[in-house]
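Below, each value reflects all heavy atoms present in this structure, side chains not excepted, and no hydrogens, waters or symmetry copies. Naming: A, B, ... by sequence-line order, numbering from 1 per chain.
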Amino acid sequence: MKEPTDMGMNRTGIGTSPFDSKELIDGAASSVPSSEGDASGIASLRISYTTESGNVGTMPPPSSVKGAVKSVLEGITARNPAVFLDKLAERLQFERTGTRMYESVLAKFDALGSFDGGPSRDTLLEFHGEELKHFHVLRSALESMGADPTALTPSADIAAVEASGLLQVLNDPRTTLPQALHAILVAELADSEGWDMLIELATNLGHEAMADDFRDAMRAEEKHLAHVRQWVANHAIQDAEGKLEQAA
Amino acid sequence: MALDLTKEKGVALDAQEDFTWRDMVREPISKLNDDAFTRLRIILMNGIEMEAIRFQHAFARMNDPVRADLAKVRRIEAHQQVLVNWLLPADQSPLETTIAYEQVAIEVTASLALLEPDPYIAQVLRFGLLEDFDHLYRYSALMDRLEGKDANAILQSYTDVMPGRPTVVEHRHPLDDLREHYDRNTADPLTKLVSLTIMSGEQQTQNYYQNIGPLFSDPAARLLYAEIGHIEEQHVTQYEAIIDPNETWMEKWLIHECTEVWNYLACMEQESNSRIKAIWERMVAYELGHLHHVMDLFRRVENRDPFEIIPTSLPERIKYMSHRDYVRQVLKNEVHLRTVGTRFVPVDQVPPDSPSIAYNRQINADGSPSQTVAAGYVYTPGGELVKKAA
């Protein structure tokens, strides 16, 4: 199979058509903008809309009596439990999407196979199972606090928008396994940061048992990150050294 | 609220040229906080405006004397469409918007079917309803399995997620999508408003799917959009067929403007978000202005009273509410119906030489995307992974 780094017919650079590009450059140079200024006008518009806009949304009200009671108790200690719930829901959304992401990588693996120093199917399956497990851990955590784990909170919504580009890469039939792994690397980096922050938050709020569960998840995520990082690097190095043919 | 069209003149057409870009591109609604029916109203009114513009373009291409009037009214409609459709937020993904489109197709069609006085047209609506109901189930499965998202965050528990008439059997020969049309001279005015509204809604859905399908990298998603976009084309064919083709162009324009007033009025009366309600109020006033402009034109061009065509007082409006029980009842009683030409028959009465049987076999010859994406799928709050052990 051809690698994306093989020489091909890429036409995007201005150097592809020396005569036409000269015409283009000369034509542009002889023109005058129709209005004065620079890109700062766009920034002004963004500032103007941002100052006038509300938020993407807010947290739902407590879904159970238990949740309402807990919120009141937490409120007495001047803590805002909604922040913790929002962050738990963010990770929950991310882990659920992460499980689907590993399903996409497994399909890529089954279609294209791996490379020397790349993932095995069993390892991908193991990581998929761990993402699913973390999703369940977070559901339990939210339920134990009387929160509705199906609610889409503001941070969960934003995390889903962030992940949308990764899904596009993972599910494109034209992307290779290393390209898909690069998308997973971005996801795992964000995931690792997310768990780290969640553990700190749980500890600060006195949810020690929960923090312990999260540390288990964090260890698994660190393992994922280390592996994915290595797989991506292994492929790039072999490709650069022209060793991929031999590896395949 | 009774609205007397002989008295309510709205805002004159010339006074409607007050749009600026900033006025049109406003803060969108909140995907998380606004009521699902606010989103549904925005989507349906986008469809109504889109149809108004497309109709007026076709009219202008074939009717020289009214080109100038059409150009003026159409420009305002285009501004209205931007103002309304751009209220959808960017954190609502194309797939989430799709879920909302199907919720429109279910809840609005159910309401229209209940309003519709002509039993045959009501049957046409219920037939389409069960197909869109199935689309919602397929797209929900796709979103859960592709993006790990729960469709109910969009649906807000107003609408069921379960199979309807299976999409795989919905593909018919074009001749089995044609329907009998109402009679322009005897039809209840409400039938005209209902027919144009449903046709507009389905047309925007078809347009949307045909355009957003390529945004997806996932082949299963692309295939599903291709398949359901195909059904929406069938639905546009079905719903435009119920509209009397013998209406004059001017008659049709009158009905279009009246439909716009009727629909914006329903939005205004039922809107829960005060910021959006103010937009609906303005749109009602503008559409009344369009309607009176066209009524005057109609009097001059056709030398007839416009109230021969449209009602003097607007009839009962669409109800923006959950129609769960009604939809379940239709599902139970009518899921087995198929079409033979313009007739609805039980599946066991479809003749073996029906052109739709051969048509369906051909188009599904390489497999059925809608069957693949929803294989074994049962909606579960929080996604089907909830039921899967780690």
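- Both the backbone and the side chain of A/Pro173 come within less than 4.5 Å of a heavy atom of chain B.
- Atom CG in B/Leu32 sits 5.0 Å away from atom CG in A/Asp157 (nearest 0.5 Å).
- Interface remark: A/Pro154 contributes backbone and side-chain atoms alike to the contact with chain B (heavy atom separation under 4.5 Å).
- Using a 4.5 Å cut-off between heavy atoms, B/Pro381 contacts chain A through both its backbone and its side chain.
- Annotation for B/Asp366: atom CG does not count as buried by contact number, only 12 or fewer foreign heavy atoms lying within 6.0 Å.
- Residue B/Arg324 places its CZ atom among more than 12 non-hydrogen atoms of other residues, nucleotides or ligands, all under 6.0 Å distant.
- Heavy-atom contacts from other residues, nucleotides or ligands closer than 6.0 Å to NE2 of A/His182 number 12 or fewer.
- Interatomic distance, CG of B/Leu385 versus CZ of A/Arg139, reported as 10.0 Å (0.5 Å rounding).
- The contact list for residues 41-52 of chain A toward chain B, using heavy atoms and a distance under 4.5 Å, reads A/Leu45, A/Ser48, A/Tyr49, A/Glu52 by residue number.
- Neither the backbone nor the side chain of B/Ile29 has a heavy atom closer than 4.5 Å to any heavy atom of chain A.
- Around the NZ atom of A/Lys223, the shell of radius 6.0 Å holds more than 12 heavy atoms that belong to other residues, nucleotides or ligands.
- Shortest non-hydrogen contact noted between B/Ala389 and A/Leu132 is O-CD2, 3.3 Å.
- Close approach to chain A, defined as a heavy atom under 4.5 Å from one of its heavy atoms, is seen in no residue of residues 221-231 of chain B.
- Heavy-atom pairs under 4.5 Å with chain A were tallied for B/Glu147, B/Lys31, B/Arg22; the largest tally goes to B/Arg22.
- Of the listed residues (B/Gln92, B/Lys388, B/Arg26), the greatest number of heavy-atom pairs within a distance under 4.5 Å of chain A belongs to B/Lys388.
- Contacts of A/Thr58 classified as side chain to side chain contact (heavy atoms under 4.5 Å, CB included), with partners at least two apart in sequence or in another chain: B/Asn33.
- Across all non-hydrogen atoms, the minimal contact from B/Arg145 to A/Arg100 is O-CD, 3.3 Å.
- Rounding to the nearest 0.5 Å gives a distance of 11.0 Å between CG of B/Leu146 and OG of A/Ser164.
- Partners of B/Asp150 according to the side chain to side chain contact (heavy atoms under 4.5 Å, CB included) rule, which considers only residues two or more places apart in sequence or in another chain, are A/Thr150, B/Asn152, B/Tyr379.
- In terms of modelled atom types and a separation under 3.5 Å, the side chain of B/Glu27 and the main chain of A/Ser53 share no donor-acceptor contact.
- Interface remark: A/Val161 contributes side-chain atoms only to the contact with chain B (heavy atom separation under 4.5 Å).
- Rounding to the nearest 0.5 Å gives a distance of 10.5 Å between CG of A/Leu167 and CZ of B/Phe216.
- For B/Lys149 against A/Gln93, the heavy-atom pair with the smallest separation is CG-NE2, 3.8 Å.
- Between A/Arg96 and B/Gly382, the shortest heavy-atom contact is NH1-O, 2.6 Å.
- Counting non-hydrogen atoms of neighbouring residues, nucleotides and ligands closer than 6.0 angstrom, the CZ atom of A/Arg11 reaches no more than 12 such neighbours.
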